[in-house]
Trainee: 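The structure is given below, and queries will be raised subsequently.
Chain identifiers are assigned alphabetically (A, B, ...) following the order of the sequence lines, protein sequences preceding nucleic acid strands; residue numbering begins at 1 within each chain. None of the values given here were measured: they were computed from a predicted structure.
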Number of protein chains: 2
Amino acid sequence: MEKQIHGRRYEERNNKPLFKPCAPNSVLTRLGDKWTILVMSHLALADGHRLRFSELKQGIEGITQRMLTLTLRNLERDGLLIREYFPEVPPRVEYQLTDMGASMLPALEGFTSWIRNNWPSIEECRKTYDQR
Amino acid sequence: MEKQIHGRRYEERNNKPLFKPCAPNSVLTRLGDKWTILVMSHLALADGHRLRFSELKQGIEGITQRMLTLTLRNLERDGLLIREYFPEVPPRVEYQLTDMGASMLPALEGFTSWIRNNWPSIEECRKTYDQR
DNA sequence: CCGTATCCTCCGAGATACTG
DNA sequence: CAGTATCTCGGAGGATACGG
């Protein structure tokens, strides 16, 4: 029988729960990396108005060309944004969120506010734990 | 001036947004790793009833002693669970979520369901993208 | 039983340089 | 302008062995 706790599926074997790693976790993994949320937030702020590569780069402190490219490619691969290439000289490339991409950050907002509310406590716990 | 989009803070410089990496993102990073959510889910299922190290290990498919230990230590460090050591022979160690820990997965549930709803589409996009 | 100690491999991610 | 191509380093995470 398939059961769930807080949206996480698990099996029951010999009356004991069994949890398994699963692929959809890769979505959380991506969101947890250093740049993904910043890129998506910048695009969300543009709100349908497309942004150029250079605009994104300037709007995200410390990101390198390479990491921006990788982050954008991953998001494109997942269908969260659309890349549009204009073969001009010099070249121009514009990015915008897909509908699915635009729906992602709002869906995350509940948890974002949990983090904001609990962050001071977490930081405090880390300090306490680390001094020993 | 401090502004926000979907709970993400950013600055405004020369009328352009500027996003920066921030420390609270480490919470998402941890949740994105391979084992953290599985460990927390198992503890959440126990619902206040404490679990032994070996119970956790048996209930999470494929986890090694080392990774379970590391995951538990990180969660303890963040104040999300409590570790209780009983100096018996053989030794016994029990774990349970703190109140903050117990509130975490429910806060994440909205986004979990977003993932579940959009996962088929994401998988499809990846396949399409990968064949070229 | 509940870990720690080693060793190893792989990949994320930064720095830097080059190009259509 | 918007990228690749290399190189490098460190840390995540697995396998295995040992210890209180």
Trainee: Out of C/dT6, C/dC2, D/dA2, which nucleotide sits closest to the side chain of B/Phe53?
Mentor: C/dC2
Trainee: Can you identify which nucleotide, out of D/dA2, D/dT4, C/dC2, has its nearest atom closest to the B/Val93 side chain?
Mentor: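 Shortest atom-to-atom distance from the side chain points to C/dC2.
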Trainee: How many whole angstroms separate atom CG of B/Leu70 from atom P of D/dA15?
Mentor: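 The distance from CG of B/Leu70 to P of D/dA15 comes to 14 Å, rounded to the nearest Å.
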Trainee: Would you kindly give the OH-to-P distance between A/Tyr85 and D/dG3, to the nearest whole Å?
Mentor: 9 Å
Trainee: Nearest-nucleotide wise, let me know which of A/Arg66 and A/Glu94 is further upstream toward the 5' end of DNA chain D.
Mentor: A/Glu94
Trainee: So A/Arg52, base contact, sugar-phosphate only, or nothing? Heavy-atom distance under 4.0 Å.
Mentor: sugar-phosphate
Trainee: Less than 4.0 angstrom from a charged side-chain N to a carboxylate O is my criterion; do A/Glu55 and A/Lys57 meet it?
Mentor: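 Result for this pair is no, no salt bridge flagged.
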Trainee: For C/dG3, does either OP1 or OP2 sit under 4.0 Å from a side-chain N or O belonging to B/Thr69?
Mentor: no
Trainee: Quick one: which of C/dG14, D/dA2, D/dG13 gets closest to the side chain of B/Met67?
Mentor: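 Nearest to the side-chain atoms of B/Met67, counting from C-beta on, is D/dG13.
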Trainee: Nearest whole angstrom, please: distance from the P of D/dG14 to the CD of B/Glu61.
Mentor: 13 Å
Trainee: Expressed in angstrom and rounded to an integer, what is the separation of A/Gln65 atom CD from C/dC18 atom C1'?
Mentor: 11 Å
Trainee: Verify the neighbour count for atom CG of A/Asp99: are there more than 12 heavy atoms of other residues, nucleotides or ligands below 6.0 Å?
Mentor: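 No, CG of A/Asp99 has 12 or fewer neighbouring heavy atoms, counting only those of other groups under 6.0 Å.
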Trainee: Contact class for A/Arg30 (heavy atom, under 4.0 Å): base, sugar-phosphate, or nothing?
Mentor: nothing
Trainee: Check B/Glu11 with B/Lys20, please: is the shortest side-chain N to carboxylate O separation under 4.0 Å?
Mentor: yes
Trainee: Between B/Glu55 (CD) and C/dC2 (C1'), how many Å, whole number?
Mentor: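 After rounding, the gap between these two atoms is 13 Å.
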Trainee: Which residue, A/Thr64 or A/Pro91, contacts DNA chain C at a nucleotide closer to its 5' end, judged by nearest heavy atom?
Mentor: A/Thr64
Trainee: Just how far, in rounded Å, is P of C/dA15 from CD1 of A/Ile63?
Mentor: 12 Å
Trainee: Could you tell me the separation between the CD atom of B/Glu76 and the C1' atom of C/dC2, rounded to a whole number of Å?
Mentor: 14 Å
Trainee: Would you say the side-chain atoms of A/Thr36 and A/Asp33 include a donor-acceptor pair closer than 3.5 Å?
Mentor: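 Indeed, the side chains of A/Thr36 and A/Asp33 share at least one donor-acceptor pair under 3.5 Å.
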Trainee: Pick base, sugar-phosphate or nothing for A/Tyr95, based on heavy-atom distances below 4.0 Å to the nucleic acid.
Mentor: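 Sugar-phosphate: the residue A/Tyr95, judged by heavy atoms under 4.0 Å, touches backbone atoms but no base.
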Trainee: For a quick check of understanding: with a heavy-atom distance under 4.0 Å over all strands, which category does B/Lys34 fall into, base, sugar-phosphate or nothing?
Mentor: sugar-phosphate
Trainee: Whole Å only: how far is the CZ atom of B/Arg92 from the P atom of C/dG3?
Mentor: 13 Å
Trainee: Could B/Glu94 and B/Arg92 be called an ion pair, given the rule that one side-chain N must be under 4.0 Å from one carboxylate O?
Mentor: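 Result for this pair is yes, salt bridge flagged.
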